[in-house]
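Accompanying notes for the structure given below.
Read the numbers this way: they start at 1 and go in the same order the structure lists the ligands and their atoms. None of the values given here were measured: they were computed from a predicted structure.
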Amino acid sequence: MHRVLITGAGGGIGRSLRESLQEVYPVLRLSDRVPLAAARAGEEVGYAELSDLAGVKRIVADVDGIVHLGGISGENEWEPILQSNIVGTYNLFEAARRARVKRIVVATSNHAVGFYPREHRIDHRVVPRPDSRYGVSKAFAEALASLYADKHGIGFLCTRIGNFGPRPIDERRLSIWISPRDYTQLVRIGLEHPDIRYEIVYGVSNNRRSWYDNANAERLGYRPQDGSEPFAEAVLAAAAGRAIDPIAERYQGGTFCAAEYSAQTPAP
Ligand code: 15L
């Protein structure tokens with residue numbers, strides 16, 4: 001990997017990877033639709049709206065690998081999800097095919113499978129159960145990646161990210177948290193592993209309360225360094241006495257499942 005593009009480089013994960021991948025690859029190209037900090041040595045800074053194929057082709061030119069973080073990172077109205085996450089991801093993969101990009105790490109999400117109940121332990125082979133329009137857009141990204149892997153030979157690592165941050169912020173996140181250094185490790189596996197065609201892994205640290213069987217990530221060499229348990233006591237103490245929504249509590253996707261919920265009988 002000589003030149004690696006990060007889309008959505010202005011977001012929380014993008015800013016973190018900008019630091020942790022500095023000097024890992026000779027050139028980091030950073031792109032977003034919002035202004036980014038000026039380029040340092042070994043960096044190129046660009047601008048692209050993902051829904052604009054011409055702009056996307058410009059940022060993808062001459063890159064060897066891509067970390068695709070761009071798009072809307074939570075639930076929203078259909079139109080912005082459609083433009084940024086669905087059309088945008090299509091434009092990115094299509095521009096990558098035309099530019100002969102070898103590898104793409106995709107930030108998908110736990111919300112692609114958020115309607116699995118919490119007592120289910122799920123692995124990378126389960127069918128998607130999106131919990132939101134946002135989750136549907138992430139399931140779409142995984143399906144599109146599968147097409148571009150099988151038909152065009154681009155290698156994809158789809159990382160179903162739980163919750164990225166310096167520490168888990170509530171009880172649900174004790175099960176799905178990922179630390180910045182663990183996510184960096186996963187991204188590097190996605191870009192550098194010699195034998196990736198199409199893989200789904202969970203972007204989570206080594207959490208004792210995890211809902212995921214992340215054997216596929218381990219098979220690829222992932223050895224998470226962090227875990228949520230040391231934070232559990234403080235997180236649970238802070239949550240004590242808070243009102244609980246039964247639908248949010250029942251499913252892995254939490255409040256994404258409860259929002260706009262109108263089913264009479266909860267799905268199994
Ligand atoms: C996500 O996919 C979002 O991007 C992030 O903002 C959080 O909501 C996270 O999931 C989560 O489930 O905590």
Q. Near Glu23 CD, under 6.0 Å, is it more than 12 heavy atoms from other residues, nucleotides or ligands?
A. no
Q. In chain order, what residues pass the side chain to side chain contact (heavy atoms under 4.5 Å, CB included) check against Ser73, with sequence neighbours excluded?
A. none
Q. Can you name the closest pair of heavy atoms from Phe93 and Ile154 and give their distance?
A. O-CD1, 4.3 Å
Q) Under a strict 4.0 Å criterion on non-hydrogen atoms, which protein residues are in contact with ligand 1? A) Ser73, Ser109, Asn110, His111, Tyr134, Gly162, Asn163, Arg172, Arg173, Ile176, Phe256
Q: Please name the pair of heavy atoms, one in Asp213 and one in Arg121, separated by the smallest distance, quoted to 0.1 Å.
A: CA-NH2, 3.9 Å
Q.
Students often mix this up, so state it plainly: with edges at 30° and 60°, are the rings of Phe115 and Tyr251 parallel, tilted or perpendicular?
A. perpendicular
Q: For the pair Tyr212 and Tyr202, name the ring-plane relationship: parallel under 30°, tilted 30 to 60°, perpendicular over 60°.
A: parallel
